[in-house]
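Below is one structure; the comments refer to it alone.
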Amino acid sequence: MSNVLIVAPHPDDETLGCGGTILKHTANKDKVSWLIMTQLSVDQGYKAADIKERDEDITKVAKQYGFTRVFKGKFNTTCLDQYPKNKLIEFVANAIKSVKPNIVYLPFKFDIHSDHSVCHDTVISCTKSFRYPFIKKIICYETVSETEFSLNQTNTFKPNLFVDISRYLNKKIKIMKIYGKEMGKHPFPRSEENIRSLATFRGATANVNAAESFMILKEIS
């Protein structure tokens with residue numbers, strides 16, 4: 001049985017990036033925890049009703065996945081690069097020490113959203129083998145509407161791990177629809193059609209009907 005930590009800069013990144021894989025982990029009786037880095041805040045102009053709705057969405061999503069634990073960061077969304085790095089590291093490190101995961105999923109460093117890049121670097125700072133020897137595998141996921149919009153020609157997402165999610169794609173999309181305001185109609189990138197298309201494309205690469213793709217950054221066996 002694996003002990004897994006999914007790190008998401010924002011609620012919905014976990015589903016877009018590895019929702020099917022999460023469902024596969026839980027179906028295999030693995031323990032899966034969810035760490036969310038950011039929150040909506042009244043200070044940023046969000047209404048109390050929006051914040052309440054987001055909290056309700058998180059609760060619903062956590063129930064659908066069957067997460068063992070959920071960690072909620074108090075850092076304002078779109079502002080991770082404005083916080084002292086030691087504060088970010090402290091939050092993530094405490095969660096990692098508590099969960100003691102042997103597998104960690106995190107966003108791709110060169111996603112276009114600055115929160116994703118900062119989140120990536122923060123998690124990497126908390127995965128040193130001599131401090132966290134229980135971590136055996138570190139894996140980057142791709143996030144629709146963030147990974148593919150980066151124009152970085154040097155550091156592109158080059159998957160080297162493919163997970164067959166053929167049995168879980170429909171439920172992944174069902175869960176994504178809980179985040180109603182984050183979904184849109186095609187050709188909006190976070191649409192059902194695009195999520196299915198990416199899964200089909202990645203699946204064809206791996207000779208399965210649907211897949212999610214990842215970059216393994218580190219594996220200790």
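Worth knowing before you read on, the calculation uses all heavy atoms, side chains too, and leaves out hydrogens, waters and symmetry mates. Nothing fancy with the numbering, it's 1 onward along the sequence. This structure is a prediction, so every number in the text was calculated from the model and none was measured.
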Would you give me the side-chain donor-acceptor pairs under 3.5 Å for residues 87-99, sequence neighbours excluded?
unit_1: Asn94; atom_1: ND2; unit_2: Glu90; atom_2: O; d: 3.2
unit_1: Ser98; atom_1: OG; unit_2: Arg69; atom_2: NH1; d: 2.4
unit_1: Ser98; atom_1: OG; unit_2: Arg69; atom_2: NH2; d: 3.1

Side-chain donor/acceptor pairs under 3.5 Å, residues 15-28, sequence neighbours excluded:
unit_1: Thr15; atom_1: OG1; unit_2: Tyr65; atom_2: OH; d: 2.9
unit_1: Thr21; atom_1: OG1; unit_2: Glu212; atom_2: OE1; d: 2.6
unit_1: Lys24; atom_1: NZ; unit_2: Asp164; atom_2: O; d: 2.9
unit_1: His25; atom_1: ND1; unit_2: Asp30; atom_2: OD2; d: 2.8
unit_1: His25; atom_1: NE2; unit_2: Tyr105; atom_2: OH; d: 2.8
unit_1: Thr26; atom_1: OG1; unit_2: Ile22; atom_2: O; d: 3.3
unit_1: Thr26; atom_1: OG1; unit_2: Leu23; atom_2: O; d: 3.0
unit_1: Asn28; atom_1: ND2; unit_2: Lys24; atom_2: O; d: 3.2

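For Asn209, the CG atom is loosely surrounded, since the number of other residues' heavy atoms within 6.0 Å does not exceed 12.
In the model, Asp13 has no side-chain atom that pairs as donor or acceptor with a side-chain atom of Thr143 under 3.5 Å. Between the side chains of Glu142 and Ser213, at least one donor-acceptor pair of N or O atoms lies under 3.5 Å.
Counting only residues at least two apart or on different chains, the ring-ring contact (aromatic ring centres under 6.0 Å, His included) pairs with a member in residues 107-161 are His10-His113, His10-His116, Phe108-Phe110, Phe108-Phe157, His113-His116.
With sequence neighbours excluded, the residues that form a ring pair (Phe, Tyr, Trp, His ring centres under 6.0 Å) with Tyr83 are Phe75. Arg196 meets the salt bridge (Lys or Arg N to Asp or Glu O under 4.0 Å) test with Glu192; sequence neighbours excluded. Listed by chain and number, the residues in a salt bridge (Lys or Arg N to Asp or Glu O under 4.0 Å) with Glu182 are Arg54, Arg190 (sequence neighbours excluded).
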(request) Please report the C-alpha distance between Ile58 and Trp34 in whole Å, then the side-chain angles of each, then the deciding distance to 0.1 Å, and finally whether the side-chain contact (heavy atoms from CB on, under 4.5 Å) criterion is met. (result) CA-CA 10 Å; Ile58 290 171; Trp34 183 22; 3.7 Å; yes
(message) Evaluate Lys218 against Ser129 for side-chain hydrogen bond (donor to acceptor under 3.5 Å, both in side chains), listing each step before the verdict.
(response) CA-CA 10 Å; Lys218 185 176 185 178; Ser129 300; 2.5 Å; yes
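With hydrogens and angles ignored, the 3.5 Å screen pairs a side-chain donor or acceptor of Asp115 with a backbone N or O of Thr78. In terms of modelled atom types and a separation under 3.5 Å, the side chain of Gln153 and the main chain of Leu151 share a donor-acceptor contact.
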